[in-house]
Amino acid sequence: MTVPESTYRVQLRPEFSFSDAAGIAGYLRDLGIGALYASPVLDAAPGSTHGYDVVDTTRARPALGGESARQELSTLLKELGLGLVVDIVPNHMSVEVPKVNRWWWDVLTHGRDSEFASFFDVDWDRGPLLLPVLGDDSDDGAVAELTVDGGELAYYDHRFPIAPGTESGTPREIHERQHYRLVDWRRGNAELTYRRFFDITNLAAVRVEDPIVFAETHGEVLRWVADGDVTGLRVDHPDGLADPGGYFRRLRENAPGAWIVAEKILHPGEPLPQSWAVDGTTGYDALREVAGVFVDPAAEPDFTALATELGVKTGYHRVEAEARRLVTDHILVAEVRRIAALLPDIDPEAARQAVAETMVAFPVYRSYLPEGAAHWTAAIDGARRTRPDLADALIILDAYVRKNPESELATRIQQTSGMVVAKGTEDTTFYRYTRFAALNEVGGNPDRFGLGVEEFHRLAAEREAGYPAAMTTLTTHDTKRSEDTRARMAVLAEVPGEFAGAVRRWTARRGIDEPSLNLLAWQTLVATWPIEPARLRDYLDKAAKEAKLRTSWTSHDEAFEADVAAWPDDVMGDAELAAEIEAFVGRIEKPGYANSLGQKFVQLTAPGVPDVYQGTELWDFSLVDPDNRRPVDYAVRREILARVVDGELPEIDASGAAKLLVVHKALRLRREHPALFRGYRPLRAEGAAAEHCLAFTRSADLAVAVTRLPVGLEAAGGWGDTVLPLPGGVWTDVLTGREVTGDLATLFERYPVALLVRGDA
C-alpha cells in the first residue's frame, strides 16, 4: 500500500488546472510534501469551481486540461517522487444542465425504460420525475405554461428531451407523454421523486450499491489507480450511500494498493465502523482534538454569561433539536415522507413524525445496522422521551428496522439521518449557537469547551494504535473557518472578561439586530482582522441565511439583509471603533500566532497522515467557502521557502514565514526519516508552568514540544524553572539546529514549538 507521509490539498478549477498543479509540483516537493491531493477531477458541470458536481465519470475534466494534461501531471509527480490522491464522489451526480449528463438525459428521454434508469435513486412508482427547476416566472422563450385538467399548471421546456415518438403534437400533448414534469422549485422539498444530495435538487443520488453502476462510475479512476497514476482516494460523503461498508469492500478489492480515506464525520467517542476497508477518516476528528487542546476550558462560564446577556441561546441540545426539526419538517420533508410511506400498518402522519423525531434524536450522523446498533437504540429512546405521544409509532418503527436491517426502509432512514444531522447541526446550529465559535467546526461539538491534555494524549495514542494511516487536518474546503482564524479566536478563551467588555461596548455602538449573528460577527472580526469589508459582508450574509432566524436562502428579510450588509463598512468606517478593535487585536495577535504554530506542529508530527490545505503554509485567515477557495500566491511562498532552505530563521510576524519554516522542517523530516514517526508516548513537563506545555515522543529518538495557553503563561511570569524531562542523550532542535536541554525557557527562546531529535538520528 502506498501511504503518503503527508498530502497537500489543491482546489482544481478552470482557473487552476492540471497544468497549474504541475507548475507547483516542484515547490511542493521542496516544501516536504509526500503527495498532491486534488479536488474531484472527473468532468463536472459547466463552470464548476469545485468539481463535486460530476456529470461524466468516464473522463478527466476537459476544463482542467483533459486526459493529456492529467497524464502530464501524473508523469511529473512520479518523476518528483510524489503521490497523487484524488477526491471521488460516489454518492451523486449533477443534473443541473441535463444535456451534459448523458445518463440523466437518457433517463428523462426514456423514463424507467432507459438503460440508465437504475443508475439514479428514483421512485418510479410515483409517476413521472418531478424536476423542481422553475422559479416564480418561467424563462421567456423556453417554457410554455399550460392549463391541464383540474386547473393545475404544467410546463413544457424545449431545453429538455422529447421522448421518441412524441415529437409532434401540441405542447400539452407532448408534455403529457413525457417522463418528467417541470414544477416550481418550492415543490421539490415536499414532493421530489428522486433522492438528492442534502437539499440540492440539481445533485441526483447515484446507486453505487449496484455492481454495474459501481463499475460505470468508478472504471476510469480505477484505471488510473491500476496504471500507478493515482496512489490514493479520498471518498466524499460515504454516509449518503446505501451500504458504505459494502462500498468500501468493493473499492478495496478493485484498488488493493491505494491509500483510501473516508470523509466520515465522527462524533466524540464514536469509532470508525470496523467493517470499512479504509485507512481512516479525512481528519475532522483529529481537527477537533488538536484545536481543542489550545482552548482554555476555564472560560466556559464567562462566554455562557456573555451569550445569555446578549440574548444568544445557550442550551446547545435544544438549539440543535430545533434546527434538525426544521430540516425534517421543511427542508428534507420529501425524503422523510418517502421513508414513512415504507412503514406498514400505521397512520401516514404518525409514521412521518416518528421517522422525523428519530432522525432528530440521532447521537451520531448515522447508524450502520446491524453494526452500531447502540446508536439506533439511542435515537429511538431519544425520540420516545421527546415525543411520548408517538410511542406506538416508534415501537413499530423500531421493531421493523431491527427485524429488517437490510430493508429499504432501514437503508433510507440511515442514508437520510446523516443529511438531517449535517444540515441541522453543521449548517444551521453552528450559526445559531454562537457562544464560542472556535468550537463550531465540522466534526466539532460546541457544548464541550476545549480538550484536556491527558485526553488528547489518549486519543492520539488510540489513533496510532488503530488508524496510523488516517488523514489529519486543520483546514479543508468545508471547514467553517481556517486554522489560523480558529487559533486566534481560541485566544479569546484566555481573555474572556476583556472580550466580553469589548463586545458590550461595540454592540452598543453598532450591533446587529440578531443576537447570535451579532456575537458571531464580533468574534469573526477580531479573528480575521484586518479583513476586507467585502469578504466579511459575504460571510455574514451566508451566516445569516444559514442560521435561518431572521432571513434565509428562500425567505428573505430584505431590510435585515441590508443592515447586515452595511455592518462591515459601518464598523470599519467608524474611526474610533476601528481603532479600539485594532488595539484589541494587537493584544491577541502574538498569542494567536503561538497557537497557530503549536497546533500546526502537533498536526504535522502526531499520528496520522497530515494534510496541508492550499496556502496554509503561511498565515491564512479564511472563512467558510467560497472564501477559503481564493487563489493562492505561490510566488510569495516560493520566495520565503528559498530563504528558509538557505538557513534563515524568520521572526514570528505578519509575513507568516515562521509558519512556513515549521511546516517545511516537520514535513522534510517526516518524509526523509519516516521511521522516526512511529509510536506515541506522552511526555510531561514538570514545574509551575507544566500545564502550558504539550509534549510527546514518537520513536525513542524524536520528541515534540509546543506551547499552549500563551496568555496565561505570560501572566504567570513565563516558564521559570519548568523543565521537560528528556531521555538521555544529546538532543537537537530541528527548527534552529541548536543542541538543547529540557529547560523550557531556553528551549522556547526563539519559537514556541520545538522538534527534537536525539544523537545523529
Side-chain angles (χ1 to χ4, degrees), residues 2-8 26-37 80-83 283 286 290 460 463-464 468-474 596-612 616-618 637 640-650 652 656-681 683 694-707 724 726-727 729-740 742 747-748 750-761:
T2 307
V3 178
E5 290 302 325
S6 63
T7 61
Y8 187 97
Y27 162 75
L28 298 183
R29 177 204 57 197
D30 295 342
L31 185 62
I33 294 296
L36 176 70
Y37 161 33
L80 294 173
L82 300 178
V290 175
R463 180 171 293 105
E464 174 66 9
M471 180 182 282
T472 66
T473 189
L474 289 179
S596 287
L597 295 178
Q599 67 175 8
K600 195 63 183 175
F601 216 42
V602 170
Q603 185 232 348
L604 295 175
T605 58
V609 177
D611 176 57
V612 177
T616 59
E617 60 269 37
L618 294 183
R637 286 161 176 78
I640 294 175
L641 178 59
R643 300 200 321 256
V644 166
V645 170
D646 285 342
E648 179 181 320
L649 297 180
I652 302 175
K659 187 181 183 187
L660 192 144
L661 168 74
V662 163
V663 172
H664 169 64
K665 293 291 188 178
L667 291 181
R668 282 292 295 269
L669 187 68
R670 187 160 191 150
R671 191 179 70 191
E672 296 173 4
H673 301 279
L676 290 174
F677 294 84
R678 302 290 183 266
Y680 184 91
R681 286 186 179 180
L683 191 58
L694 172 65
F696 51 86
T697 62
R698 295 301 309 272
S699 65
D701 296 319
L702 179 72
V704 177
V706 304
T707 304
L724 185 66
L726 293 168
V730 177
W731 290 85
T732 302
D733 183 1
V734 172
L735 294 183
T736 63
R738 296 185 308 163
E739 288 188 9
V740 297
L747 182 65
F748 292 136
R750 184 64 186 265
Y751 297 115
V753 297
L755 179 58
L756 310 178
V757 294
R758 182 164 59 174
D760 59 358

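Quick note: numbers below take in every heavy atom, side chains included, and nothing from hydrogens, waters or symmetry partners.
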Can you find a pair of side-chain heavy atoms, one from [X] and one from [Y], that are under 4.5 Å apart?
X: V734; Y: L756; answer: no
X: V609; Y: E5; answer: no
X: T7; Y: I33; answer: no
X: K659; Y: L597; answer: yes
X: L724; Y: L683; answer: yes
X: H664; Y: L641; answer: yes
X: Y751; Y: I652; answer: yes
X: K600; Y: P610; answer: no

Quiz prompt | Crowding at CD, E739 (>12 non-hydrogen neighbours, <6.0 Å) | solution =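 Atom CD in E739 is not crowded, with 12 or fewer foreign heavy atoms closer than 6.0 Å.
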
Self-check item: D611/T472 under side-chain contact (heavy atoms from CB on, under 4.5 Å): CA gap, chis, key distance, verdict
Solution: CA-CA 6 Å; D611 176 57; T472 66; over 6 Å; no

Exercise. Not counting sequence neighbours, which residues clear salt bridge (charged side-chain N to carboxylate O under 4.0 Å, His left out) with R637? List them please.
Key: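 For R637 the salt bridge (charged side-chain N to carboxylate O under 4.0 Å, His left out) partners, ignoring immediate neighbours, are E617.
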
Quiz item: Can you name the residues that form a salt bridge (charged side-chain N to carboxylate O under 4.0 Å, His left out) with R681, not counting sequence neighbours?
Solution: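 Expected list: none.
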
Quiz prompt | Worked check of side-chain contact (heavy atoms from CB on, under 4.5 Å) between L755 and V662 | solution = CA-CA 9 Å; L755 179 58; V662 163; over 6 Å; no

Practice problem: Kindly indicate, with the supporting measurements, whether the criterion side-chain contact (heavy atoms from CB on, under 4.5 Å) is fulfilled by L735 and L649. | Solution: CA-CA 8 Å; L735 294 183; L649 297 180; 5.9 Å; no

Quiz item: For the residue pair R758 and P727, what are the closest heavy atoms and their distance?
Solution: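 R758 and P727 have their closest heavy atoms at NH1-CB, 3.4 Å.
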
Quiz item: Considering all heavy atoms of both residues, which atom of V706 and which atom of G598 are nearest to each other, and what is their separation?
Solution: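 Shortest heavy-atom contact: CG1-O, 3.9 Å.
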
Quiz prompt | CZ on F677 to OG on S6, rounded to 0.5 Å | solution =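 Interatomic distance, S6 OG to F677 CZ, rounded to 0.5 Å: 10.0 Å.
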
Quiz item: Does the ring centre of Y37 sit less than 6.0 Å away from the ring centre of Y8?
Solution: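 Here the rings of Y37 and Y8 have centres that are no less than 6.0 Å from each other.
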
